[in-house]
Amino acid sequence: MKNIAVIGAGTMGNGIAHVFAQSGYQVSLIDVSETAIEKALATISKNLSRMVAKEKISEAQKETTLNNIKTYTSISDGVKDVQLVVEAATENIDLKLKIFKNLDEVAASDVILATNTSSISITKIASVTNRPDKVIGMHFMNPVPIMKLVEIIRGYSTSDEVTKLIMDLSKNLGKVPVEVNDYPGFVANRILMPMINEAIYTLYEGVAGVEEIDTVMKLGMAHPMGPLQLADFIGLDVCLAILEVLHDGFGNPKYAPCPLLVNMVTAGKKGVKTGEGFYSWTHGTKELHVSDNFKK
Ligand code: NAD
């Protein structure tokens, strides 16, 4: 594989494009929004400069990486001549089904179609294509250039050959792939999201404040950051979407999203990406400032 396409240039798409381009792949980065593409290229450039400053890569490697990325606003233009597509568009099932139906029509029949979905069924996504054996989950973690794990999710019909290829490819990117089966939330979010939801319930019920909850989990459980801070980094809309998939998929009320999370997303307080969630991020992401809404 030499040429790959990434669909969606948001939080995850820019990181996925970055790691493929840095490993020498030719990347077509596709987004419907020109603004998202410009922001993604600026983020990749900034992250590469940081690596140059830390002497992890040279200035020349930074330039080569950036030159390996071409951008497109149309899927059919962007997937010409690629061997793999990694879809990282918004976490919305109708949108993903539409994109995969379209991809199946415009990409050559041997192209592998991977999705970075956090929770949507790979089997369901594969069912709208004529190549369910070549549809697979490739779940990178945020921030992609730093986090080692890739959860590789086999849909009901994903072939052994495609699974092996994607496992090997992930290793070539310097990542550690872990193979899992296709059930709601897979492994990562099935375990992580109930913890985040419980932290939000703990705040909602007034058991403790934002800083107290995060401090207990950081210092008490040796987590690198508290669950509320992590939720802000992931995006509260993404957390809500995943909890809804778990709730619908298992039909178990233990996954019901906390009403506070629903309210925050409805009010547009989605965490780092909108400047406010449990914390205020208008000062940048280095220091923690509890949002005015949660100050005592
Ligand atoms: P995001 O909102 O930051 O970015 C999504 C991008 O998709 C936007 O730029 C949007 O313009 C673009 N888009 C929407 N419709 C499109 C279309 N039809 N064609 C092309 N582009 C389109 O979202 P994100 O956080 O990067 O999440 C992307 C995917 O990655 C989701 O499936 C999410 O569940 C998954 N994911 C997210 C995280 C995380 O921490 N945020 C972690 C792992 C996986």
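Atoms considered below: every heavy atom in the structure, side chains included; atoms not considered: hydrogens, waters and symmetry mates. When a ligand or atom number is given, it counts from 1 through the structure's own listing order.
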Per the side-chain contact (heavy atoms from CB on, under 4.5 Å) rule, which among Q229, M264, E211 passes with F278? M264

Exactly one of T115, L165, T158 should register a side-chain contact (heavy atoms from CB on, under 4.5 Å) with I136. Which one does? T158

Return the residue, atom name and 0.1 Å-rounded distance of the protein heavy atom closest to [atom].
atom: atom 30 (O) of ligand 1; result: N116 ND2, 2.9 Å
atom: atom 2 (O) of ligand 1; result: K273 NZ, 3.9 Å
atom: atom 15 (N) of ligand 1; result: L95 CD2, 3.5 Å
atom: atom 12 (C) of ligand 1; result: D31 OD2, 3.2 Å
atom: atom 14 (C) of ligand 1; result: T90 OG1, 3.3 Å
atom: atom 16 (C) of ligand 1; result: V32 CG2, 3.7 Å
atom: atom 32 (O) of ligand 1; result: E91 OE1, 2.5 Å

Donor + acceptor pair across side chains of D182, T123 (<3.5 Å): yes

Checking Y279 against D214: is there a side-chain donor and acceptor pair closer than 3.5 Å? yes

Which atoms of ligand 1 are found less than 4.0 Å from any heavy atom of [X]?
X: I7; result: 19 (N), 20 (C)
X: A36; result: 9 (O)
X: T117; result: 32 (O)
X: G8; result: 7 (O), 21 (N)
X: H139; result: 43 (C), 44 (C)
X: I99; result: 17 (C), 18 (N)
X: G10; result: 3 (O), 4 (O), 6 (C), 9 (O), 26 (O)
X: K96; result: 31 (C), 32 (O)

Side-chain contact test, heavy atoms from C-beta onward, threshold under 4.5 Å: evaluate it for [X] versus [Y] and give yes or no.
X: N189; Y: V245; value: no
X: L66; Y: S45; value: yes
X: M195; Y: M221; value: no

Closer than 4.0 angstrom: is that true for some heavy atom of F140 and an atom of ligand 1? yes

So is A88 touching ligand 1 or not, going by heavy atoms under 4.0 Å? yes

Could you tell me whether D160 and R154 make a salt bridge, using a distance below 4.0 angstrom between a side-chain N and a carboxylate O?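 Between R154 and D160 there is a salt bridge, with a charged N closer than 4.0 Å to a carboxylate O.
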
Membership question, hydrophobic clusters at under 4.5 Å side-chain separation (ILVMFWY): are M12 and F20 in the same one?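 Same cluster: F20 reaches M12 through Ile, Leu, Val, Met, Phe, Trp or Tyr contacts under 4.5 Å.
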
Give yes or no for whether the N/O distance cutoff of 3.5 Å, strictly under, is met between [X] and ligand 1.
X: E87; answer: no
X: S33; answer: no
X: I234; answer: yes
X: M12; answer: yes

What residues form a ring-ring contact (aromatic ring centres under 6.0 Å, His included) with F250, not counting sequence neighbours?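 Expected list: Y255.
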
Between C239, A89, S118, flag the one that comes closest to atom 31 (C) of ligand 1 by a heavy atom.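 Looking at heavy atoms only, A89 sits closest to atom 31 (C) of ligand 1.
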
May I ask you to identify, for I242, whether its side chain, its backbone, both or neither come under 4.0 Å of ligand 1 on a heavy-atom basis?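 It is neither part, as no heavy atom is under 4.0 Å.
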
Can a donor-acceptor pair be found, under 3.5 Å and without considering hydrogens, that links the side chain of D237 to the backbone of K270? no

Check against side-chain contact (heavy atoms from CB on, under 4.5 Å), M138 and L169: CA-CA 11 Å; M138 204 176 178; L169 173 80; 3.8 Å; yes

Nearest protein heavy atom under 4.0 Å from atom 23 (O) of ligand 1, yes or no: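 No.
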
Would one find more than 12 heavy atoms of other residues, nucleotides or ligands at under 6.0 Å from atom CD of Q61?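 Atom CD in Q61 is packed in, count exceeds 12.
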
Does any pair with a residue in residues 80-102 pass salt bridge (Lys or Arg N to Asp or Glu O under 4.0 Å), and if so which ones, sequence neighbours excluded?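 Qualifying pairs, neighbours excluded: D77-K80, E87-K96, E91-K96.
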
